[in-house]
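All residue numbers in this chain count up from 1 along the given sequence. The structure presented is a predicted model; accordingly, all values stated were derived computationally and were not measured.
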Amino acid sequence: MPVNDWFTNAERWFEANVVGAPELATFGFVMLGVLVLALLAVAFSLVRSVLKSLRNEAGARAARNDKSPGYRILVARPTGQRAGRAWKWLLSSLESYVPEFSFGAPLKVFRTGSIRGGVETRAVQRARRRLQTADADMLVWADRTGRKEDGFVVHGLSRGGGLTPAEARLFTLTLPGRMSHLEGQMQRVAAYFLARELQPALANPQSFRPEKMKTLSNALSDILEDTPALPLPLRSRIEADFCASLVHIAEQSGDIEALEQVIMLRRIHLDDIKNDQDASRAVQAHMDLGRALLAKATKQFDRKTVEAAIGHLSKVIEALQADPTIKRAQAASDAMYKAQNLIETRKRFAVNFGA
């Protein structure tokens, strides 16, 4: 039987027993429509991806081509719930308050597309490539996962301190997710921690003149007083920087009032700390209180003040000695010493008695 006759018979049998020609034509038309829609969806997705890449590239190139002096910060659109409002909040925080904590240094903010994945390896690699393309000083991206206390997580890469994009420090700042909890001084709080990453010397008050530290301590004092609901981890870090700046001011200028403020504040903190969860805050409070009392005794000698300072600093040493990390470091140091001593002993033996 010729092949054409076989196909003709098969077609007739199919139409007679399975489906007729009109139904078959309808089915073919429907499938063609589905195929066209699928192709359009794929094409739309490709076009959207290309436009997104071009937009991200344009933002990075704009930052790279900008020759104005000062810091350049690239801010990616946050991901998650109400991302647009969170992006607006983050941009306002950077533009309005970071210059305050960088002592008036010029700042320019550039927008770029979202970076999904938090601090997963691929997301960080993508962020580093974008930071390198932009040649910016910092790249910030964020995830808004909900309305919990840790629902707004800001990530970033900072080149503060002269780092290259490959060396840029990765950091994370956890903020409340509820937008009503981000009002008031919270934009200023976020700006301070971002400025601290941008300018790492802020963590070391000795790097600045007392006049600049006075400005910083006044700003931190306002934050502590006006933000009673500030999350404890953020409050602890601000308290430590505030006390360190005041002690530095007092050491350089002899400002006894600044020392009295640190002493009063840290004594209140020690009275409030009553559980093991605040152990790190207690250690920092003892450290600041001991330094403040010692600085006060240096300006106005009093034996009891010195003894009180020694007592607080002793508690810091005890806490550090109990820390597992410090214990491991001490054990490694002891082992290193024994190894070096063994080598020296063998050398003396070889010199005196021969190898």
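The two residues Arg111 and Leu74 make their nearest non-hydrogen contact at O-CD1, 4.3 Å. Taking each heavy atom of Ala240 and Gln284 in turn, the nearest pair found is CB-CG, 3.7 Å. Ala123 approaches Ile115 most closely through the heavy-atom pair O-CG2, 3.8 Å. When every heavy atom of Ala83 is checked against every heavy atom of Pro78, the shortest pair comes out as CB-O, 3.1 Å. Nearest heavy atoms, Ala168 versus Leu131: CB-CD2, 3.8 Å. Closest non-hydrogen pair, Ala191 versus Phe101, comes out as C-CD1, 4.1 Å.
The stretch residues 74-85 participates, sequence neighbours left out, in these side chain to side chain donor-acceptor pair (under 3.5 Å) pairs: Thr79-Asp143. Pairs of residues two or more places apart, or lying in two chains, that qualify as ring-ring contact (aromatic ring centres under 6.0 Å, His included) and include a residue from residues 200-229 are Phe103-Phe208. Among residues at least two apart or in separate chains, there is no ring-ring contact (aromatic ring centres under 6.0 Å, His included) pair with a member in residues 111-137. Applying the side chain to side chain donor-acceptor pair (under 3.5 Å) test to pairs two or more places apart or on separate chains, those with a residue in residues 303-319 are His286-His312, Asp302-Thr305, Arg303-Glu307. The side chain to side chain donor-acceptor pair (under 3.5 Å) contacts involving residues 158-171 comprise Asp135-Arg159, Thr164-Glu167, where partners must be two or more places apart or lie in separate chains. The side chain to side chain donor-acceptor pair (under 3.5 Å) contacts involving residues 95-104 comprise Glu100-Arg188, where partners must be two or more places apart or lie in separate chains.
Of the possible donor and acceptor atoms, one in the side chain of Ser245 sits under 3.5 Å from a partner among the backbone N and O of Asp241. Remark: side-chain polar atoms of Arg291 are not paired, donor with acceptor, to backbone N or O of Ala244 under 3.5 angstrom. Formation of a donor-acceptor pair under 3.5 Å by the Arg128 side chain with backbone atoms of Pro165 is found in this model.
In the hydrophobic cluster analysis, where Ile, Leu, Val, Met, Phe, Trp and Tyr join through side-chain heavy atoms closer than 4.5 angstrom, Phe242 is grouped apart from Leu293. Under a hydrophobic-cluster definition in which Ile, Leu, Val, Met, Phe, Trp and Tyr are linked whenever side-chain heavy atoms come within less than 4.5 Å, directly or via other members, Val140 and Met186 are assigned to the same cluster. Cluster annotation: Leu139 is not connected to Tyr71 through the hydrophobic network of ILVMFWY side chains, with a link wherever side-chain heavy atoms come within less than 4.5 Å. Under the 4.5 Å side-chain heavy-atom criterion for ILVMFWY residues, no single connected hydrophobic cluster contains both Val153 and Leu173. Using a 4.5 Å cut-off between side-chain heavy atoms of Ile, Leu, Val, Met, Phe, Trp and Tyr, with links allowed through other members, Leu94 and Leu182 fall into the same hydrophobic cluster.
The distance from the CD1 atom of Ile223 to the CG atom of Leu230 is 8.0 Å, given to the nearest 0.5 Å. The distance from atom CG of Leu202 to atom NZ of Lys212, rounded to the nearest 0.5 Å, is 10.0 Å. Once rounded to the nearest 0.5 Å, the distance linking CG of Leu216 with OH of Tyr192 reads 5.5 Å. In this structure, the separation between CG on Asp137 and CD1 on Ile73 is 7.5 Å, given to the nearest 0.5 Å. How far CD of Gln125 is from CZ of Arg130: 13.5 Å, rounded to the nearest 0.5 Å. Atom CE of Met213 sits about 7.5 Å away from atom CD1 of Ile249, to the nearest 0.5 Å.
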_I'd like to know whether Leu289 forms a side chain to side chain contact (heavy atoms under 4.5 Å, CB included) with Ile263, so could you lay out the CA-CA distance, the side-chain angles of the two residues, the decisive distance to 0.1 Å, and finally the verdict._
CA-CA 6 Å; Leu289 189 51; Ile263 293 169; 3.8 Å; yes

_Pair Leu265-Asp288, side chain to side chain contact (heavy atoms under 4.5 Å, CB included): steps then yes or no_ = CA-CA 10 Å; Leu265 180 65; Asp288 294 335; over 6 Å; no

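Glu149 is linked by a side-chain hydrogen bond (donor to acceptor under 3.5 Å, both in side chains) to nothing, counting only residues two or more places apart in sequence or in another chain. Applying the side-chain hydrogen bond (donor to acceptor under 3.5 Å, both in side chains) test to Thr174 and every residue at least two apart in sequence or in another chain returns nothing. For Thr121, there are no side-chain hydrogen bond (donor to acceptor under 3.5 Å, both in side chains) partners at least two apart in sequence or on another chain. Evaluation of the side-chain hydrogen bond (donor to acceptor under 3.5 Å, both in side chains) rule for Asn218 yields no partner, not counting sequence neighbours.
The side-chain tip of Arg126 does not point at the ring of Trp141 from less than 6.0 angstrom away and within 45° of straight on.
Annotation: side chain of Leu234 is in contact with side chain of Leu175 (closest heavy-atom distance under 4.5 Å). Using a 4.5 Å heavy-atom cutoff, the side chains of Val306 and Ile310 are in contact. Gln261 has its side chain out of reach of Ser217: every pair of non-hydrogen atoms, C-beta onward, lies at least 4.5 Å apart. You'll find the side chain of Gln187 reaches within 4.5 Å of the side chain of Ser92, heavy atoms only.
The other members of the hydrophobic cluster of Met264, by chain and number, are Ile268 (side-chain heavy atoms under 4.5 Å, ILVMFWY only). Applying the under-4.5 Å side-chain rule to Ile, Leu, Val, Met, Phe, Trp and Tyr, the cluster around Leu294 consists of that residue alone.
When the options Leu220, Leu224, Val262 are evaluated for a side chain to side chain contact (heavy atoms under 4.5 Å, CB included) with Glu239, the one that passes is Leu224.
Shown here is Met287, whose CE atom has no more than 12 heavy atoms of other residues, nucleotides or ligands within 6.0 Å. Atom CD of Gln132 has 12 or fewer neighbouring heavy atoms from other residues, nucleotides or ligands inside a 6.0 Å radius.
Note on Glu211 versus Arg209: salt bridge recorded, some NZ/NE/NH1/NH2 to OD/OE distance being below 4.0 Å.
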